[in-house]
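Since the structure is predicted, the reported quantities are computational estimates derived from the model, not experimental observations.
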Amino acid sequence: MKSKKTKVVLGMSGGVDSSVCAYLLKKQGYEVIGLFMQNWDSYLNNDFLGNVNESKQTCNVQKDFNDAKAVADKLGIKIYRVEFIQQYWDKVFKYLIQEYKKGRTPNPDVLCNKYIKFNEFIKVAKNKFHCDKIAMGHYANVKKIKDQYYLTKAIDENKDQTYFLCWLNQEQLSKTIFPIGNIPKDEVRKIAHEQGLDNWNKKDSTGVCFIGERKFKDFLNNYLPIKKGKVIDIVTKKVVGEHDGITFYTLGQNKNLGLGGQQNKYFVCKKDFKKNIIYVVDQNNKEKYLSSTKCEVVKFNWINKNQKKSAKVKIRFRHRQELIDGKYEIKNNKVILTYKPTIAVAPGQFAVLYSNKKCLGGGIVNKLI
């Protein structure tokens, strides 16, 4: 049993995962305080296009807070609200838009974790509530071995979220508890149901971190202009359609291309910004034009010190993607990855490296080689 003096500030979202974390932490004897984050405001941020639930966009945050408060009240935990709207815009969203303007494929969730959930949140938890630790409802684990903290995969690998945590550092990991890292998702819902938590079957949140589910092209149109252009088959050189703006499409995309009447499924394989042309390839030629085996990664964050100059690893370029066999080599502060032929590795994506259960860290794909 943990000492009651150990104070933990828990990020509570109103979802089942953080709610079960609250129950488990209290059961383990911690003094628990809930902290609900609001990082996005549709009106302040001119977010009007693309909202899936347009009539609900202003009340979703309030509903989530009410769900979190209901759980906190049931468990006898105090809960507070905090806003990081400006910090999220400056640290996360500006980057997202800048990357899309460059035609790249960013992942805002990685930045949200590094700069908001495990930075701004920790500052408030420490300075206002004088906590010993923070806790989050991520499916991940932290293990301390000697003087090092290691980020390791969750027991439920289908829900594992270490990909999004690849930019955390030793200081952040040293302050963090992941209470459900060793519990399968089905068991988490079962615990919530058994404890009479009303949100036990609440749908998991989807979409952009803290922004929510959006019709993404329409959403980006709030911030990026539409500039129509040609869609060309890279093999036949024929014009097969028209796009709504080159920034709205990502390499490997095969849905919402507006290419009706085609016999084969098409995939985005190249973007020419100067000519405002999107090139597509049919599924029969996908391997030739979309496959890669080598890339350069920049801004790589090594979670642990004393990494080898090169080693065999497992690589993931997208969350929930199958782990890919490969190796890394460090050259001039850049990480060069070589891997088995993989479809749609795109500049801007995060490449995250694993060795067995350990997440070694991650960086941004700069270019294919």
Side-chain angles (χ1 to χ4, degrees), residues 9-15 18 33-54 56-69 72 78-102 104-131 134-138 161 164-169 171-172 175-176 205-216 218-225 247 299 301 348 350 364:
V9 174
L10 166 69
M12 294 186 72
S13 66
S18 58
I33 294 171
L35 195 58
F36 178 91
M37 289 175 275
Q38 180 177 353
N39 297 337
W40 188 257
D41 185 297
S42 291
Y43 286 117
L44 284 177
N45 295 339
N46 296 310
D47 170 20
F48 302 113
L49 301 175
N51 201 299
V52 174
N53 301 304
E54 303 236 1
K56 301 177 183 177
Q57 65 178 351
T58 57
C59 60
N60 276 347
V61 171
Q62 187 59 45
K63 182 184 184 309
D64 287 339
F65 176 72
N66 291 342
D67 289 347
K69 189 174 187 305
K78 288 184 178 179
I79 187 168
Y80 302 86
R81 289 180 74 151
V82 64
E83 288 186 357
F84 298 130
I85 294 167
Q86 189 63 51
Q87 295 95 321
Y88 184 91
W89 181 272
D90 291 340
K91 295 283 190 179
V92 180
F93 198 71
K94 277 184 180 178
Y95 168 83
L96 181 81
I97 296 303
Q98 287 166 1
E99 286 288 273
Y100 272 110
K101 281 181 179 177
K102 295 173 187 173
R104 291 157 64 93
T105 307
N107 192 310
D109 297 60
V110 176
L111 279 81
C112 181
N113 281 323
K114 179 173 178 62
Y115 294 116
I116 308 299
K117 291 182 183 176
F118 295 87
N119 185 33
E120 297 296 338
F121 184 97
I122 287 177
K123 287 179 191 174
V124 171
K126 188 177 178 181
N127 297 333
K128 184 173 181 178
F129 299 104
H130 310 291
C131 71
I134 68 155
M136 293 286 176
H138 291 76
Q161 291 173 298
F164 300 122
L165 302 169
C166 69
W167 261 13
L168 299 191
N169 58 33
E171 178 72 11
Q172 290 166 316
K175 290 180 167 63
T176 303
S205 60
T206 57
V208 184
C209 185
F210 282 107
I211 296 175
E213 194 175 347
R214 296 290 189 274
K215 295 173 183 174
F216 206 61
D218 294 337
F219 170 68
L220 286 177
N221 192 29
N222 287 303
Y223 313 100
L224 296 170
T247 54
K299 298 183 180 179
N301 172 61
F350 273 82
I364 300 170

Nearest non-hydrogen partners of [X] and [Y], listed with the distance:
X      : Y      : value
Arg81  : Val61  : NH2-CG1, 3.6 Å
Ile85  : Gln38  : CG1-O, 3.6 Å
Pro106 : Tyr95  : CB-CE2, 3.9 Å
Ile122 : Lys175 : CG2-CD, 3.8 Å
Gly11  : Ser18  : O-CB, 3.3 Å
Val110 : Cys166 : CG1-SG, 4.0 Å

Approximate separation, where rounding is to 0.5 Å, of [X] [atom1] and [Y] [atom2]:
X      : Y      : atom1 : atom2 : answer
Phe84  : Met37  : CZ    : CE    : 7.0 Å
Cys131 : Ile33  : SG    : CD1   : 8.0 Å
Asn119 : Asn113 : CG    : CG    : 11.5 Å
Ile134 : Leu35  : CD1   : CG    : 9.5 Å
Arg104 : Ile364 : CZ    : CD1   : 6.5 Å
Asp109 : Leu96  : CG    : CG    : 9.5 Å

Would you say NZ of Lys114 has more than 12 non-hydrogen atoms from neighbouring residues, nucleotides or ligands within 6.0 angstrom? yes

Taking the six-membered ring for Trp and the single ring otherwise, decide whether the centroids of Tyr223 and Phe93 are under 6.0 Å apart. yes

What about Phe118 and Trp167, are their ring centers closer than 6.0 Å? no

For Asp90, all residues meeting side-chain contact (heavy atoms from CB on, under 4.5 Å), sequence neighbours excluded: Gln86, Lys94

Please step through side chain to side chain contact (heavy atoms under 4.5 Å, CB included) for the pair Leu111 and Lys91, ending with a clear verdict. CA-CA 7 Å; Leu111 279 81; Lys91 295 283 190 179; over 6 Å; no

So, does Asn45 use its side chain to make a donor-acceptor pair with the main chain of Asp47 at under 3.5 Å? no

Where the side chain of Asn107 meets the backbone of Phe164, is there a donor-acceptor pair that is under 3.5 Å apart? no

Against Leu220, only a single residue in Thr247, Ile97, Leu49 fulfils side-chain contact (heavy atoms from CB on, under 4.5 Å); can you say which? Ile97

Which of these, Glu120, Lys128, Lys126, sits in a side-chain contact (heavy atoms from CB on, under 4.5 Å) with Val124? Lys128

Residues that Phe121 engages under ring-ring contact (aromatic ring centres under 6.0 Å, His included), provided they are two or more places apart: none

Suppose we screen for ring-ring contact (aromatic ring centres under 6.0 Å, His included). Which residues come up paired with Phe129, at least two apart in sequence or across chains? Tyr80

In terms of the angle between their ring planes, are Trp40 and Tyr88 parallel, tilted or perpendicular, with boundaries placed at 30° and 60°? perpendicular

